[in-house]
K.L.:
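Here you go, one structure.
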Amino acid sequence: MRWTQYFIVTSKETPKDATAASHRLMLRTGMVRQLAAGIYSYLPLGYRSLRKVEEIVREEMQRAGAIELMMPILHPIDLWEETNRVAAMGDVLLRLGGPEGDWRASMVLGPTHEEVITEIARAYLKSYKQLPINLYQIQLKFRGEARPKSGVLRTREFLMKDAYSFHDSVESLDEGYQKMYDAYCRIFSRCGLPYAPVEAESGPIGGDASHEFMVLTDAGEDVVALTENKDYAANTERAVCAPLAQDNAEMKAIEEVHTPNQRTIDEVTAFLKTSPSQMIKTLVYTGTPPSTGKKTDAPAEPAIFVALVRGDHDANENKLNRAAGKAWAAASGGDGASISLELADEGTIKRLTGADVGFAGPHTLGKSGVPYFLIVDQAVSVMRNAATGANKTDYHAVNVNPVRDFAINGERAIVADIRNVVDGDLSPKGSGSPIRLRKAIEVGHVFKLGTKYSDAMGATYLDKNGKAKTLIMGCYGIGLNRIMASAIESNHDENGIMWPMSIAPFQVLVVALDPRDDEVMQTAANIHDALETAGVDTLLDDRDERAGFKFKDADLIGIPVRITVGRKALADGVVEVKLRTSEDIEKIAPDAAIERAKSLAYAGLVTA
RNA sequence: CGGGGUGUAGCUCAGCCUGGUAGAGCGCUUGCUUUGGGAGCAAGAAGUCGUCAGUUCGAAUCUGGCCACCCCGACCA
C-alpha cells in the first residue's frame with residue numbers, strides 16, 4: 001500500500017480530551033474518530049489493527065473447536081423479560097423507543113447474547129448427541145454506559161467475541177471451560193499483551209467458576225490482587241486473604257470519651273490520637289430478605305444489618321451481601337442466598353443507635369431494642385482495645401473488645417470476611433506471600449453459567465434415557481477494542497505506538513526518502529512489492545516530504561519494521577533496516593533487507 | 001445520578017471581564033526556496049462563535065433555558 005493512495009491522518013497536536021495513552025495515540029495516529037460519547041469510527045489504519053485482532057481470535061476459537069455464527073443486534077424485549085434481565089440491566093439495556101404499541105417500543109439493542117443463544121439452543125439442541133457444543137460470534141454490543149471514558153476502553157458500542165457452550169454434565173462444562181481458558185491464553189499471548197488470568201466474582205456454581213483476563217496497566221479501571229510469589233491472583237471484588245492473627249493485648253476497661261462533632265474515621269483518629277487500624281467502623285445497612293414463601297404472602301420486611309470493619313478497611317459489597325444471606329439463614333432459615341444491602345438512611349440509624357449519624361458502635365447497640373443482624377469482619381474479630389462510636393451523640397468509646405463487649409457469634413451475629421483485601425495482606429494459599437494491588441483492564445472473561453438461562457427459558461434436551469434435562473452452559477467474552485487499546489497502553493513510548501507484530505496495521509514500513517529520485521523510488525517500490533508478494537503487510541511512504549517529518553510519523557504509527565531508502569546510502573548499495581523498539585540501524589543490500597523483513601514479520605506472528 | 005469544567009475554522013486555542021463588521025498557530029491549496037528527525041517565504045480557501053430566547057440601536061461578548069462533550073465520584077450482565 002502506498003501512503004499517498006491510502007487514508008492516514010496523523011496529528012502533531014495532543015487532543016485535549018484524551019488522558020489515557022492509548023486514547024491519545026489512537027487519536028493522534030488517526031486510528032479512530034469520536035462521533036459521540038463512547039461511540040467511535042474506526043478509520044482505515046485502526047480498522048486494520050482491529051481486523052487483525054479479530055482474525056487471531058477467530059483462529060484460536062476455531063482451533064478450540066468453537067463454531068462461528070452471527071446473532072442480531074436488535075432483540076425483542078420479551079426475550080429479556082423471560083430471564084428477568086430487563087429490570088436487572090436497568091439503564092444499561094438500550095431501548096429503541098417509540099410510541100406505545102409501535103414495534104419499536106418492544107425492541108432493545110443487544111448488550112450481550114445469552115438470551116438469543118439460549119433461544120437458539122432451546123429450538124435446536126434437543127439431544128445429548130449434539131453436546132457438547134460451543135457457538136460464538138464476533139458482533140457489536142450496545143450498552144448504556146453511564147460514563148464512557150478513556151477512549152475505546154469503555155464505550156457504549158463495542159466489538160465483542162462472545163462464545164456460549166452447552167453441556168450435559170458439569171464435567172463436560174469443566175472441560176469446555178478449560179478449553180476456552182487455554183484458548184484465551186493463546187489469544188492474549190499472540191496479541192502481545194502482558195496479561196494475567198485472575199479469579200473473578202463467581203457465578204451460581206461457585207468455586208473457580210469465573211476468571212477474568214486482565215492487562216496490568218494504570219489506565220485500567222479494575223483493581224486486581226496478585227501475590228508476590230504468584231500463587232494467587234484475583235479481582236479485588238472477590239479477593240480473599242489469610243485471616244489476621246488474634247491480637248493478644250491485655251483487655252482494658254471501656255471508657256467513653258467526649259468527641260464533639262468528630263464523625264469520620266479521620267477526625268476521630270486525630271482527636272483520639274489513635275490509628276484507623278485501631279478503630280471499628282460500624283456500617284448500618286438495610287436489606288430485604290427473600291420471602292420464604294411459606295404461610296403468608298406478606299411481602300418480606302426490610303431488615304437491618306450492621307457490618308463491622310476495621311477503620312482502615314473497606315467493606316466489600318459482594319461479600320457483605322453473601323454474609324447477610326448467611327446471617328439471615330442462620331436465624332430464620334432459608335437458602336442463604338445473598339441479600340442485596342443498601343446503606344441505611346439517617347432515620348434508621350438514629351432509631352437503631354439512639355444517636356446522630358457518625359457515632360454508631362457495636363457494644364451498646366442492643367439498648368434501643370431495634371432488632372438487627374451483626375456481621376463482624378474477621379479482622380475486627382481479632383482486635384483488642386478498639387475505638388468506636390458510643391451510640392451517643394458526640395461520644396466515642398475506647399477499649400472496646402469483641403466477645404467481651406459484644407457477641408460476635410450467635411443467633412443474630414456472625415464472623416465473616418466482608419472486606420476488600422489491602423496491599424500487604426497475605427496470600428490465602430498459606431504461603432505467607434504478600435498481596436499487591438494493581439490496576440488492570442479486563443480484556444476477557446470466562447464464566448460457568450450453569451443453568452441460569454436454560455432454566456429461565458426452558459432450554460432442555462433429551463438424555464440417553466429419553467429424559468428431559470436442562471442444558472448446562474458456559475459463556476466466554478473478549479473485548480476486541482480493549483485488546484487494541486491495552487496493546488497500546490503496554491507498548492508505547494513518548495514518540496508513539498510500538499505495535500506487536502501480530503496486530504500492527506502494517507508489518508513493514510518502507511520509507512522512500514527522496515521519492516523524486518528514480519533510483520530511490522524504484523528500489524523502495526521493489527522492496528514493497530516483494531514483501532507484499534510474500535504476504536507481508538507493507539506500507540510505502542512515498543510522500544514528497546522532508547525526512548524528519550516522515551520519521552516522526554513512522555514512530556507515531558509504530559509499524560514494527562522500518563526500511564529506509566535514501567539517496568546517500570543507496571549510492572553505497574545499502575538500505576537501512578530498523579525496528580521500532582530499538583535504536584539500532586542495520587545497513588544491508590535491498591535484497592537482504594527484503595529477506596530480513598520477511599523473517600521478522602513471520603517470526604512475530606508465531607508467538608503462540 | 002451528584003460535583004466540577006468546556007463549547008469560536010478539520011485540530012489546539014486566544015478574543016468575552018469592559019458589547020461596535022471574526023483572530024493566531026497547526027493542517028489544507030498554489031508558487032518559489034529547502035531536503036536524514038514534525039523547514040522558510042509569499043499568496044489563498046475555510047467559522048450560522050453549541051442552540052433557543054431575552055436585554056440592547058447593535059451580542060462571540062451581558063442574562064436565562066436547553067443541548068453536547070470532558071474530568072472526579074456513584075454505577076458497570
K.L.:
Is there a Watson-Crick or G-U wobble partner for B:G44 with both distances under 3.5 Å, and which nucleotide is it?
P.N.:
B:C28

K.L.:
Do A:Arg567 and B:U35 have a side chain to base donor-acceptor pair shorter than 3.5 Å?
P.N.:
no

K.L.:
Within the side chain of A:Thr236, is there an N or O that forms a donor-acceptor pair under 3.5 Å with the backbone of A:Val223?
P.N.:
yes

K.L.:
Remember a base hit wins even if backbone is also touched, and classify A:Arg562 as base, sugar-phosphate or nothing at under 4.0 Å, heavy atoms.
P.N.:
base

K.L.:
How far does the C1' atom of B:A43 sit from the matching atom of B:U63, given to the nearest Å?
P.N.:
44 Å

K.L.:
Is it the case that atom CD in A:Glu342 sees more than 12 heavy atoms from other parts of the structure closer than 6.0 Å?
P.N.:
no

K.L.:
Show each protein N/O and nucleotides 73-77 of chain B N/O combination with a separation under 3.5 Å, one pair to a line.
P.N.:
residue	atom	partner	partner atom	Å
B:C75	N3	A:Arg154	NH2	3.1
B:A77	O2'	A:Arg85	NH1	3.0
B:A77	N7	A:Arg143	NH1	2.3
B:A77	N7	A:Arg143	NH2	3.1
B:A77	N6	A:Arg143	NH1	2.8
B:A77	N6	A:Arg143	NH2	2.6

K.L.:
Give me the distance, rounded to whole Å, that separates B:G65 from B:A22 when you measure between the P atoms they each carry.
P.N.:
28 Å

K.L.:
Angle class for the A:His23/A:Tyr40 ring planes (parallel below 30°, perpendicular above 60°, tilted otherwise)?
P.N.:
perpendicular

K.L.:
Rounded to whole angstrom, note down the P distance from B:A60 over to B:C13.
P.N.:
23 Å

K.L.:
For A:Leu93, which contact category applies under a 4.0 Å heavy-atom criterion: base, sugar-phosphate, or nothing?
P.N.:
nothing

K.L.:
With a 4.0 Å cut-off on heavy atoms, is A:Asp91 in touch with a base, just the backbone sugar-phosphate, or nothing at all?
P.N.:
nothing

K.L.:
Using a 4.0 Å heavy-atom cut-off, does A:Arg156 contact any base of the nucleic acid, only the sugar-phosphate backbone, or nothing at all?
P.N.:
nothing

K.L.:
Please measure how far the C1' atom in B:C1 lies from the corresponding atom in B:U61, and state the result in whole Å.
P.N.:
33 Å

K.L.:
Show your reasoning for whether salt bridge (charged side-chain N to carboxylate O under 4.0 Å, His left out) applies to A:Asp572 and A:Lys587.
P.N.:
CA-CA 10 Å; A:Asp572 299 332; A:Lys587 300 194 176 196; over 6 Å; no

K.L.:
Please answer whether the main-chain N or O of A:Leu159 pairs with a side-chain N or O of A:Asn481 as donor and acceptor at a distance below 3.5 Å.
P.N.:
yes

K.L.:
Check the angle between the aromatic planes of A:His211 and A:Tyr181 and answer parallel, tilted or perpendicular using the 30° and 60° thresholds.
P.N.:
perpendicular

K.L.:
Which residue pairs satisfy the salt bridge (Lys or Arg N to Asp or Glu O under 4.0 Å) criterion with at least one member in residues 22-50 of chain A, sequence neighbours excluded?
P.N.:
A:Arg48-A:Asp537

K.L.:
Say we look at B:G15 and B:A9: how far apart would their C1' atoms be, to the nearest angstrom?
P.N.:
15 Å

K.L.:
Who is the Watson-Crick or G-U wobble partner of B:A68, with both distances under 3.5 Å?
P.N.:
B:U6

